Every structure is written in structure tokens, then in C-alpha cells.
Amino acid sequence: MSWNWSIIFEYLPRLIDGVWVTLELVFLSGLLGLILAVPLALMRASDNRWLRMLPFGYIFFFRGTPLLVQIFLIYYGASQFDAIKESVLWPVLREPYWCAIIAFTLNTAAYTAELIRGAIQAIPKGELEAADAFGMSRPMKIRRIVLPRAFGIVLPAYGNELILMLKSSSLASTITLLDITGAARTIIARTYTPLEIFFAAGMLYLLITAIMIGCFRLIERRLNRHQHYKGSH
């Protein structure tokens with residue numbers, strides 16, 4: 001068996017096209033998932049028992065079932081109902097790209113909500129008591145104290161969640177999307193060179209992961225700079 005480097009260089013532009021699709025999936029679903037996760041986390045951290053229970057079922061379902069099953073339920077399941085096919089939602093739900101975005105968003109929102117909930121509950125009580133002593137209203141306390149501190153605490157774990165979502169985005173190829181994995185599978189079907197093409201695809205995922213890790217470390221250092229001790233030299 002011989003290793004064919006020329007195949008990698010020849011089809012690298014096709015794989016790079018898949019990179020942009022992958023980045024779109026991760027960025028959009030990560031952003032929308034974070035927006036959805038914040039109110040879910042606040043509800044989960046509430047003192048009201050019934051308010052805590054409302055998002056529990058949602059989080060339990062999306063954390064307890066495989067992402068691939070969720071993608072199939074949205075992409076193939078929506079077409080089984082005539083009411084959906086005749087509704088204004090059908091132009092969106094018939095497109096694999098938007099079905100993948102919806103599935104990734106709902107999935108990452110469940111995981112991110114639990115991460116933020118844990119971060120909220122990890123905030124020192126003294127900081128919250130100080131906010132109460134200053135007479136802050138609950139919305140102001142959430143906006144100025146709770147969420148900024150929670151994001152600082154949760155950032156390392158959230159970075160790991162986005163990296164996991166980047167790797168999970170390869171499942172989008174199962175519904176015909178030409179992300180990195182989808183593009184690689186298409187190229188392999190033409191060239192019969194799975195080792196070379198999957199190696200190139202893996203290196204692209206590795207490069208994106210390295211960049212994401214670097215970016216999150218910079219952001220974490222910026223947000224949590226007050227926690228780092230700088231001794232005299």
C-alpha cells in the first residue's frame with residue numbers, strides 16, 4: 001500500500017469548503033444555544049421548586065438521548081406530520097442545514113444550561129449578600145453580579161463543550177450536509193482513498209480545535225485576570 005499525498009493536495013480546497021460549513025454550524029448553534037441556556041440555567045438555579053422543574057424535562061431529554069437520534073427526529077420526523085408540512089415552518093424544517101442547526105442548538109443548550117447552573121451556584125454567597133446590602137434589585141443583581149461571575153467560572157467548561165460540539169458536528173454529514181466529514185466522504189466515494197482523506201479531515205479538525213483552545217484561554221485570562229496573583233520579581 002502506498003500513501004498518496006497528491007490526493008490530499010488536490011482535494012484540500014473541497015475539504016476547506018467543508019470547514020466553513022462546519023464553522024457556521026458550530027458558531028450559530030453555539031450562539032443560539034447559549035442564548036437559550038441562560039434563562040434555562042436561571043430557572044434551574046431558582047429557589048422556586050416548580051420553576052426549577054420546568055426546564056428539567058427538557059435538559060434530561062437532550063442530555064439523555066444521542067445527538068444522532070435528535071438530528072434524525074427533527075430531520076426525518078418533521079416530514080411525517082402533514083400539519084408541519086403545511087405550516088410556515090416547513091421551508092425551514094425541510095432543509096438539512098437548518099435541521100442540523102436546530103438539533104445542535106437544542107442539544108448544546110441543555111449541556112450549557114447545566115454548566116451555567118453549576119457556575120451560578122458556585123458564586124460565593126458573600127458576593128450575593130453584598131449585592132443585597134447595596135439594595136440591588138434581582139434583575140440588576142443577575143445582570144451585574146450573577147451572570148458576569150458565572151461566565152467567568154464556566155468559561156473553561158464551556159470551551160470544552162464547544163470543542164465537543166465541533167467534533168459532534170460531523171454527524172451533520174448523515175443528513176447530506178457537506179461539512180468537513182461530509183466533504184471527505186464524498187471525495188472518498190470518488191477516489192477510494194479513505195486513509196489519506198480522513199487523515200486530512202482529522203488534521204483540519206485538530207487545527208480548528210487548537211485555535212479554539214487558544215482563543216478560550218485568552219478570553220478566560222481576560223475575564224478572570226483579577227484571580228491571578230502576580231508576585232513581585
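Only heavy atoms go into these numbers, but all of them, side chains included; no hydrogens, no water, no symmetry mates. Keep in mind the model is a prediction, meaning the values are calculated, not measured.
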Please determine which of Leu166, Leu207, Asn160 meets the side-chain contact (heavy atoms from CB on, under 4.5 Å) test together with Met212.
Leu166
One should read off an interatomic distance between Arg149 CZ and Glu127 CD, to the nearest 0.5 angstrom, of 4.0 Å
Closest heavy-atom contact between Arg52 and Arg44?
CD-O, 3.3 Å
On a heavy-atom basis, which atom in Ile116 and which in Ala37 lie closest, and how many Å separate them?
CD1-CB, 4.3 Å
If hydrophobic clusters are built from ILVMFWY residues whose side chains come within less than 4.5 Å, do Trp5 and Leu195 share one?
yes
Is there a path of hydrophobic side-chain contacts, each under 4.5 Å between heavy atoms of I/L/V/M/F/W/Y residues, joining Ile16 to Ile180?
yes
ILVMFWY cluster, Ile197 and Tyr192 together (side-chain gap under 4.5 Å)
no
Calculate, to the nearest 0.5 Å, the distance between atoms CD1 and CD belonging to Ile175 and Glu95 respectively.
10.5 Å
Hydrophobic cluster membership, Phe27 vs Leu164, 4.5 Å side-chain cutoff
no
Close side-chain approach of Val146 to Leu128, heavy-atom, < 4.5 Å
yes
Is it the case that the side chain of Ser46 and the backbone of Leu51 share a donor-acceptor pair, with hydrogens and angles ignored and the cut-off at 3.5 Å?
no
Under a 4.5 Å cut-off applied to non-hydrogen side-chain atoms, are Leu42 and Val38 in contact?
yes
Does any non-hydrogen side-chain atom of Leu106 lie less than 4.5 Å from one of Phe61?
no
Heavy-atom distance under 4.5 Å between the side chains of Phe104 and Val26, does that happen here?
no
After noting the C-alpha distance and the side-chain angles of Ile213 and Thr209, does the key distance pass the side-chain contact (heavy atoms from CB on, under 4.5 Å) rule?
CA-CA 6 Å; Ile213 290 173; Thr209 299; 3.9 Å; yes
Can you find a heavy atom in the side chain of Phe151 that is under 4.5 Å from one in the side chain of Ile219?
no
Shortest non-hydrogen contact from Pro13 toward Phe9
CD-O, 3.8 Å
Tell me, with the steps shown, if Leu93 and Ile102 meet side-chain contact (heavy atoms from CB on, under 4.5 Å).
CA-CA 9 Å; Leu93 292 175; Ile102 293 170; 3.7 Å; yes
Taking the side chain as every heavy atom from C-beta outward, state whether Leu178 and Val21 have any pair of such atoms under 4.5 Å apart.
no
What distance separates Ile71 CD1 from Tyr75 OH, expressed to the nearest 0.5 Å?
11.5 Å
Could you go step by step and tell me if Ile84 and Trp90 meet the side-chain contact (heavy atoms from CB on, under 4.5 Å) rule?
CA-CA 6 Å; Ile84 293 179; Trp90 182 239; 4.2 Å; yes
Between Arg217 and Glu220 (salt bridge meaning N to carboxylate O under 4.0 Å), is one present in this structure?
no
Look at the side-chain heavy atoms of Ile, Leu, Val, Met, Phe, Trp and Tyr, link any pair under 4.5 Å apart, and say whether Met43 and Ile59 land in one connected group.
no
Thr22 vs Tyr205, side chain to side chain donor-acceptor pair (under 3.5 Å): CA-CA, chis, key distance, verdict:
CA-CA 9 Å; Thr22 296; Tyr205 279 113; 4.5 Å; no
Can you tell me how far apart CD1 (Ile187) and CD (Glu196) are? Round to the nearest 0.5 Å.
12.0 Å
State, to 0.1 Å, how close Tyr111 and Phe62 come at their nearest heavy-atom pair, and which atoms those are.
CE1-O, 4.0 Å
Does any non-hydrogen side-chain atom of Tyr97 lie less than 4.5 Å from one of Leu28?
yes
Surrounding OH of Tyr76 (heavy atoms of other residues, nucleotides or ligands, distance under 6.0 Å), is the total greater than 12?
yes
Just do the side chain to side chain donor-acceptor pair (under 3.5 Å) check on Glu161 and Thr112 with the steps written out, would you?
CA-CA 7 Å; Glu161 166 61 18; Thr112 304; 4.7 Å; no
side-chain contact (heavy atoms from CB on, under 4.5 Å) evaluation trace for Asn4 with Thr191:
CA-CA 11 Å; Asn4 192 347; Thr191 63; over 6 Å; no
Just verifying a value: how many Å separate Leu73 CG and Cys99 SG, rounded to the nearest 0.5 Å?
11.0 Å
Taking all atoms of both residues into account, what is the closest heavy-atom pair of Pro156 and Ile153, and its distance?
CD-O, 3.5 Å
Rounded distance [0.5 Å steps], CD1 in Ile188 versus OH in Tyr11:
11.5 Å
For residues Tyr158 and Leu34, determine if any side-chain heavy atom of one lies less than 4.5 Å from a side-chain heavy atom of the other.
yes
What pair of heavy atoms forms the shortest contact from Trp50 to Asn48, and how long is it?
N-OD1, 2.9 Å
